[in-house]
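So the structure is just underneath, and the comments pick up after that.
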Amino acid sequence: LDIYDLEVVVIPSNTQSVRIDDSDLIFGTTLEKFDAIAADVNKCQQTHQPVLVGTSSIETSEAISKLLKKNNISHEVLNAKQHQREAEIIANAGAPGAVTIATNMAGRGTDIVLGGKQNEGDEQTLEWREKHKTVIEAGGLHIIGTERNESRRVDNQLRGRSARQGDV
């Protein structure tokens, strides 16, 4: 591989990825798509599986948020309007049953840890281990891309939020 006439070395990951990449689903209308997203999120919440919904616009994230509110599904919205709370929202996006809607999700500097943010202290660590186990048993982080982005790089960054370091 050559990039900018420089040699590139591919370094294999520490553990094999166990990510399951499903095929795209295509819907006749936006309403059908949003209803399918709400049903998928609801199914994940019943098993305490955390969900990350990736959107390509603030308008889409707000429309999905409105639909989830209508269906009494608790969630967080991460877009340009919540930049002060962004690290906190991402840190808790892997908690059991958490639902996070994110616009143009990239690295953002904070990992999504399965089980949610780990607090300091022995009692909290034991509690966090139980949450981590619950999320693993539920299938790990479930990611829904609402549409293809103009840049494949952004889609790949969203996909890359799951199955990190051997997690499901």
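All figures in this text were calculated on a predicted structure; none of them were measured in a lab.
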What pairs of donor and acceptor atoms, side-chain ones from residues 44-54 against any protein atom, are under 3.5 angstrom apart with sequence neighbours left out?
residue: Gln45; atom: NE2; partner: Gly97; partner atom: O; Å: 2.8
residue: Thr47; atom: OG1; partner: Cys44; partner atom: O; Å: 3.0
residue: Gln49; atom: NE2; partner: Gly139; partner atom: O; Å: 3.4
residue: Gln49; atom: NE2; partner: Gly140; partner atom: O; Å: 3.0

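- The two residues Asp40 and His142 make their nearest non-hydrogen contact at OD2-NE2, 2.9 Å.
- In terms of heavy-atom proximity, Ala63 sits nearest to Phe34 at CB-CE2, 3.7 Å.
- A side-chain donor-acceptor contact under 3.5 Å links Glu147 and Ser56.
- A salt bridge is defined here as a Lys NZ or Arg NE, NH1 or NH2 lying under 4.0 Å from an Asp or Glu carboxylate O, and Lys131 with Glu127 meets this definition.
- Connectivity analysis of hydrophobic side chains (ILVMFWY, heavy atoms under 4.5 Å, direct or indirect) links Leu25 to Phe27.
- Residues passing the salt bridge (charged side-chain N to carboxylate O under 4.0 Å, His left out) test with Lys117, sequence neighbours excluded: none.
- Remark: Thr146 pairs with no residue by the side chain to side chain donor-acceptor pair (under 3.5 Å) rule, at least two apart or across chains.
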Exercise answer: donor-acceptor pairs, residues 67-74 side-chain atoms, under 3.5 Å, sequence neighbours excluded:
residue: Asn71; atom: ND2; partner: Leu67; partner atom: O; Å: 2.9

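- Scored by the side chain to side chain donor-acceptor pair (under 3.5 Å) test, Glu130 finds no partners at all (sequence neighbours excluded).
- With sequence neighbours left out, Ser65 forms a side chain to side chain donor-acceptor pair (under 3.5 Å) with His75.
- In terms of heavy atoms, Ala93 sits closest to Ala98 at O-CB, 3.7 Å.
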Take Thr100 and Ile90 through the test side-chain contact (heavy atoms from CB on, under 4.5 Å) and record every step on the way to the result. CA-CA 8 Å; Thr100 307; Ile90 294 171; 6.0 Å; no
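- Judged purely by atom type and a 3.5 angstrom limit, Asn92 uses its side chain to pair as donor or acceptor with the backbone of Glu88.
- Of all the heavy atoms in Ser61 and Ile58, the pair that sits closest is OG-O, 2.8 Å.
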Check the pair Glu7, Val9 against side-chain contact (heavy atoms from CB on, under 4.5 Å), reporting the backbone distance first and the verdict last. CA-CA 7 Å; Glu7 185 178 328; Val9 178; 4.3 Å; yes
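- Here CG of Asn42 is found 13.5 Å from CD1 of Ile37. Values are rounded to the nearest 0.5 Å.
- With a 4.5 Å cut-off on side-chain heavy atoms, Glu62 and Ile64 do not count as touching.
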side-chain contact (heavy atoms from CB on, under 4.5 Å) assessment of Leu141 paired with Ile143: CA-CA 6 Å; Leu141 181 64; Ile143 297 178; 4.1 Å; yes
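- Here the NZ-CG distance, from Lys33 to Asp35, works out to 12.0 Å after rounding to the nearest 0.5 Å.
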